[in-house]
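Each chain gets a letter, A, B and so on, in the order its sequence line appears, and its residues count up from 1. Quantities reported herein were computed from a predicted structural model and do not represent experimental measurements.
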Number of protein chains: 2
Amino acid sequence: MVGNSLKIHDIVIGRLPIYLRALTFLSAEGQEITSSHELGQKLGISSAQIRKDLSHFGEFGKQGTGYNIEYLSQQLQRILQVDREWETALIGAGDLGRALAHYGGLRERGFRITAIFDNNPAKQGQKLGDCVVKDSARMAEVIKEYGYRVAIIAVPAAAAQQVADICVEAGVKAILNYAPITLSVPADVHVQYIDPVLHLQRMSYYL
Amino acid sequence: MVGNSLKIHDIVIGRLPIYLRALTFLSAEGQEITSSHELGQKLGISSAQIRKDLSHFGEFGKQGTGYNIEYLSQQLQRILQVDREWETALIGAGDLGRALAHYGGLRERGFRITAIFDNNPAKQGQKLGDCVVKDSARMAEVIKEYGYRVAIIAVPAAAAQQVADICVEAGVKAILNYAPITLSVPADVHVQYIDPVLHLQRMSYYL
DNA sequence: TAGATTGTTAATCGATTAACAATC
DNA sequence: TAGATTGTTAATCGATTAACAATC
């Protein structure tokens, strides 16, 4: 059955990119067909869970055969809205900003950094990846003019909330925040966090 | 009641570093006391959940008053085993490795990169943060000799599984993996993943 | 056909929350 | 005391899994 009207929970959405990543990997290896069992084995997820997750969005497999990798990839890309390229603003041109600007994996998977801001005059004018670093003072103006809806915050913790406020005010609806603080944003703005130390501390508990 | 014998679930462990981070932030602002309600407000987590999570490990608050921030911080650090410094090996001295090596936040919060490896001869011998980049060929030897139990993988996807295998064989028990693939490791080895694109794709679903 | 695998149901399991006695 | 907040219980809510008919 195609998408009954019950709300799909975010935890399900969170697994779709993992499935997509695994499918892309298999495809690159030349494989054409896979099964929920094989995918589950590789990802450490039960096959039932994978089938259940996918069933929220449609029927993508064939009984007895499994899933066509290319087709399922395309469907997941469509569902996740990464069958297009999202212009992404990057705030912060430090070491981390530099790494992100140079990372080709973003573009391959639906996101392209096309504007970079930093408040350090020494960085402004520098070329990083495809972009020239702009003054942070122009952030609101540029985000509004080009209609950026996705931003990556890679500035120190002390500046992150202020940067987020400017992004939100300018129309950004999705923020990937590398600063080690929880941001305060309106309910219609999505935030995801990356803080390596949280992950390390979670593991050191078990050591 | 202090730690009844039921297993504490990993999802609870995963929130403790977030609480610790918020407490450190409040402490830096000069605040001495907080409540589950205040913490929850700042983090977007219910106060009941915070109290429940903490109750797995002991009684850290006072009725009518709340929690002493310094005391609770210390207790969380002890529980998470970050009341010490974990020597951490970093594999990969590209842009990302460089950003990690320069990032002071790791050391402040319990993890210190004291060995860096790269298979590119041009990188070997370079100084990055406190370390000189070593040949990846020496990885197993160095990890064994100094007893590293924590490693950060910041190499391209194609090399990540092989690097993980070497780390595991040499005794590493906790891996933070930045490569966009799911690693295959023995059950007693913990892996955490950071892939910015997974987060971005999770948000673009809603745009 | 025989074997394999899907999509879905129902049962189980785990996580979250509301509520409140205890008490600072 | 009066007000506030903890730690804990019980109820609710959500997520996962086992099982299987359908069918390729």
Side-chain angles (χ1 to χ4, degrees), chain A residues 1-19 22-23 26 31-73 75-76 79 202 205, chain B residues 1-19 22-23 26 31-73 75-76 79 202 205:
Chain A
M1 189 218 301
V2 177
N4 61 32
S5 62
L6 277 73
K7 191 189 181 310
I8 294 161
H9 292 102
D10 183 60
I11 197 162
V12 175
I13 306 302
R15 279 189 295 261
L16 300 186
I18 299 173
Y19 301 157
L23 291 168
L26 289 175
Q31 200 170 320
E32 292 186 355
I33 300 287
T34 189
S35 66
S36 58
H37 182 74
E38 184 186 39
L39 266 181
Q41 279 262 305
K42 292 196 182 289
L43 298 176
I45 293 176
S46 79
S47 62
Q49 175 133 92
I50 293 173
R51 293 197 302 279
K52 186 118 219 281
D53 285 347
L54 296 177
S55 76
H56 288 103
F57 303 94
E59 304 187 348
F60 306 115
K62 270 205 185 72
Q63 284 104 323
T65 309
Y67 300 92
N68 178 289
I69 291 173
E70 192 55 36
Y71 176 71
L72 184 55
S73 284
Q75 293 305 308
L76 287 176
I79 293 164
R202 183 177 193 154
Y205 170 82
Chain B
M1 189 218 301
V2 177
N4 60 30
S5 60
L6 277 72
K7 191 188 183 311
I8 295 161
H9 290 100
D10 183 60
I11 197 163
V12 175
I13 306 303
R15 280 189 295 260
L16 301 186
I18 299 173
Y19 302 157
L23 291 167
L26 288 175
Q31 199 169 321
E32 292 185 356
I33 301 286
T34 189
S35 65
S36 58
H37 181 74
E38 184 186 38
L39 266 182
Q41 280 263 305
K42 291 195 181 291
L43 297 177
I45 293 175
S46 79
S47 61
Q49 173 131 93
I50 293 173
R51 294 198 301 280
K52 186 116 218 280
D53 285 347
L54 296 178
S55 76
H56 288 104
F57 303 95
E59 302 187 349
F60 305 115
K62 272 207 186 71
Q63 284 104 325
T65 309
Y67 300 92
N68 177 291
I69 291 173
E70 191 57 33
Y71 176 70
L72 183 54
S73 284
Q75 294 304 308
L76 288 176
I79 293 163
R202 183 179 193 153
Y205 171 83

Chemist: Let me know the distance between CZ of B/Arg15 and C1' of C/dA15, rounded to the nearest Å.
Modeler: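 Whole-Å distance recorded here is 8 Å.
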Chemist: Separation of B/Glu59 atom CD from D/dT5 atom P, in whole Å?
Modeler: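 Distance check: B/Glu59 CD to D/dT5 P gives 18 Å.
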Chemist: Please tell me if the side chains of A/Val12 and A/Phe57 come closer than 4.5 Å, counting only heavy atoms from C-beta onward.
Modeler: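 Yes, at least one pair of side-chain atoms sits under 4.5 Å.
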Chemist: Could you measure the distance from the CD atom of B/Gln41 to the OG atom of B/Ser35? Nearest 0.5 Å is fine.
Modeler: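 Output value for this atom pair is 9.0 Å.
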Chemist: Nearest whole Å is fine: how far is D/dT6 P from B/Leu72 CG?
Modeler: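 Atom CG in B/Leu72 sits about 10 Å away from atom P in D/dT6.
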Chemist: Rounded to the nearest angstrom, tell me the gap between atom CG in A/Asp53 and atom P in D/dA15.
Modeler: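 Distance check: A/Asp53 CG to D/dA15 P gives 10 Å.
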Chemist: Strictly by Watson-Crick or wobble contacts shorter than 3.5 Å, is anything paired with D/dA22, and which nucleotide is it?
Modeler: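 Check on D/dA22: paired to C/dT5, both distances under 3.5 Å.
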Chemist: Taking OH from A/Tyr67 and P from C/dA4, how many angstroms apart are they, rounded to a whole number?
Modeler: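 Result: 17 Å.
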Chemist: To the nearest 0.5 Å, what is the distance between CD1 (B/Ile69) and CD1 (B/Ile33)?
Modeler: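 These two atoms lie 7.0 Å from each other.
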Chemist: What nucleotide among C/dT16, D/dT16, D/dG7 has an atom nearest to a side-chain atom of B/Ile11?
Modeler: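 Closest nucleotide to the B/Ile11 side chain: C/dT16.
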Chemist: Considering only C/dT6, D/dT5, D/dA15, which nucleotide approaches the side chain of B/Ser35 most closely?
Modeler: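 Closest nucleotide to the B/Ser35 side chain: D/dT5.
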Chemist: Give a yes or no on whether B/Glu32 atom CD has more than 12 heavy-atom contacts from other residues, nucleotides or ligands under 6.0 Å away.
Modeler: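 Counting other residues, nucleotides and ligands, CD of B/Glu32 stays at 12 neighbours or fewer.
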Chemist: What nucleic acid atoms does A/Ser47 come within less than 4.0 Å of, heavy atoms only: base, sugar-phosphate, or nothing?
Modeler: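 If one applies the 4.0 Å heavy-atom cut-off, A/Ser47 turns out to touch nothing in the nucleic acid.
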Chemist: Give the B/S/- string for nucleotides 17-24 of chain D, one per nucleotide from 5' to 3', where a protein heavy atom under 4.0 Å of the base yields B, of only the sugar-phosphate yields S, and otherwise -.
Modeler: BBB--BBB
Chemist: If I take atom CD1 in residue A/Ile33 and atom P in nucleotide C/dT5, what distance separates them, rounded to the nearest angstrom?
Modeler: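 For the pair A/Ile33 CD1 and C/dT5 P, the rounded distance is 11 Å.
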Chemist: Hey, could you give me the CZ/CD distance between B/Arg51 and B/Glu59, rounded to the nearest 0.5 Å?
Modeler: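 CD of B/Glu59 is found 13.0 Å from CZ of B/Arg51.
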Chemist: Do A/Leu26 and A/Lys42 have side chains that get closer than 4.5 Å, going by heavy atoms?
Modeler: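 Sidechains of A/Lys42 and A/Leu26: in contact.
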Chemist: For B/Ile50 and D/dT8, what is the distance between atoms CD1 and P respectively, to the nearest whole Å?
Modeler: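 Spelled out: CD1 on B/Ile50 to P on D/dT8 is 16 Å.
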Chemist: Quick one: look up who D/dA15 pairs with, Watson-Crick or G-U, both distances under 3.5 Å, and put none if it's unpaired.
Modeler: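 Across all strands, the one nucleotide that pairs with D/dA15 is C/dT12.
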Chemist: Over how many whole Å does the gap from B/Phe57 atom CZ to D/dG7 atom P extend?
Modeler: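 Going from B/Phe57 (CZ) to D/dG7 (P), I get 13 Å.
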Chemist: Output yes when at least one side-chain N/O atom of A/His9 is less than 4.0 Å from OP1 or OP2 of D/dA15, else no.
Modeler: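 It does, given that an N or O in the side chain of A/His9 lies less than 4.0 Å from OP1 or OP2 of D/dA15.
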Chemist: Quick one: which of B/Leu54, B/Asp53, B/Ile50, B/Leu43 gives a side chain to side chain contact (heavy atoms under 4.5 Å, CB included) with B/Arg15?
Modeler: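 Only match with B/Arg15 under side chain to side chain contact (heavy atoms under 4.5 Å, CB included): B/Asp53.
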